[in-house]
Undergrad: 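Can you keep this structure in mind? I'll have questions shortly.
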Amino acid sequence: MRPYVDEDLCITCGMCEAECPADPNVFEMEDVAVVANPDACIECEACVEVCPTDAIELK
Ligand code: SF4
Ligand code: SF4
């Protein structure tokens, strides 16, 4: 699995990037959160839990 960000819901708060424990970080902040390194995801679901707008789905 890897995260997908709904760009219509993302408010670019940066919480997903701040909480992601993966190395390299799965996320990069641009106009919205971008899944820059999907292969690094360890499927911990921290991003899903922290996102205030439920913009992230793991699949
Ligand atoms: S599930 Fe965990 S490792 Fe994967 S992107 Fe979200 S916070 Fe990072
Ligand atoms: S936590 Fe959610 S709203 Fe915040 S930057 Fe990440 S995807 Fe966007």
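Atoms within each ligand, like the ligands themselves, are counted from 1 in listed order. Each residue takes its place number in the sequence, starting with 1. Scope of the values below: all heavy atoms of this structure, side chains included, with no hydrogens, waters or symmetry mates.
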Undergrad: I'd like to check which ligand 1 atoms, numbered from 1 as shown, lie under 4.0 Å from a non-hydrogen atom of Phe27.
TA: 5 (S)

Undergrad: When you measure from atom 3 (S) of ligand 2 to every protein heavy atom, which one gives the shortest distance, and what is it?
TA: Ile11 N, 3.4 Å

Undergrad: Of the protein's non-hydrogen atoms, which lies at the shortest distance from atom 6 (Fe) of ligand 2, and what is that distance?
TA: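 The closest one turns out to be Cys16 SG, 2.4 Å.
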
Undergrad: Thr53 heavy atoms, cut-off 4.0 Å: which ligand 2 atoms fall inside?
TA: 3 (S)

Undergrad: Taking 4.0 angstrom as the limit and counting only heavy atoms of Cys13, give me the atoms of ligand 2 inside it, by number and element.
TA: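 With Cys13 as reference, the close atoms of ligand 2 come out as 1 (S), 3 (S), 4 (Fe), 5 (S).
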
Undergrad: Can you list the atoms of ligand 1 that are under 4.0 Å from a heavy atom of Cys47?
TA: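 Ligand 1 atoms under the 4.0 Å threshold to Cys47: 1 (S), 5 (S), 6 (Fe), 7 (S).
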
Undergrad: Find all atoms of ligand 1 within a distance of less than 4.0 Å from any non-hydrogen atom belonging to Cys20, and give their numbers and elements.
TA: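 So the atoms of ligand 1 that pass are 3 (S), 5 (S), 7 (S), 8 (Fe).
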
Undergrad: Considering only non-hydrogen protein atoms, determine which one is nearest to atom 2 (Fe) of ligand 2 and report residue, atom name and distance to 0.1 Å.
TA: Cys51 SG, 2.3 Å

Undergrad: Around atom 8 (Fe) of ligand 2, find the nearest protein heavy atom and jot down its residue, atom name and distance.
TA: Cys10 SG, 2.4 Å

Undergrad: Has Thr12 got any heavy atom lying under 4.0 angstrom from an atom of ligand 2?
TA: yes

Undergrad: Considering heavy atoms of the protein only, find what lies nearest to atom 4 (Fe) of ligand 1 and give residue, atom and distance to 0.1 Å.
TA: Cys41 SG, 2.3 Å

Undergrad: For ligand 1, which atoms have a heavy atom of Ile42 less than 4.0 angstrom away?
TA: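 Matching atoms, with element in brackets: 3 (S), 4 (Fe).
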
Undergrad: May I ask you to list the atoms of ligand 1 that are less than 4.0 angstrom from any heavy atom of Glu45?
TA: 1 (S), 2 (Fe)

Undergrad: Would you call Glu19 a ligand 1 contact, heavy-atom distance under 4.0 Å?
TA: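 No heavy atom of Glu19 comes that close to ligand 1.
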
Undergrad: Please confirm whether the backbone N or O of Pro24 pairs with a side-chain atom of Asn37, one donor and one acceptor, at under 3.5 Å?
TA: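 No; zero donor-acceptor contacts below 3.5 Å.
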
Undergrad: Number the atoms of ligand 1 from 1 as they appear, then name those within less than 4.0 Å of a heavy atom of Pro3, with their elements.
TA: 5 (S)

Undergrad: What are the atoms of ligand 1, with element, lying closer than 4.0 Å to any heavy atom of Cys44?
TA: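 In order of number, 1 (S), 2 (Fe), 3 (S), 7 (S).
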
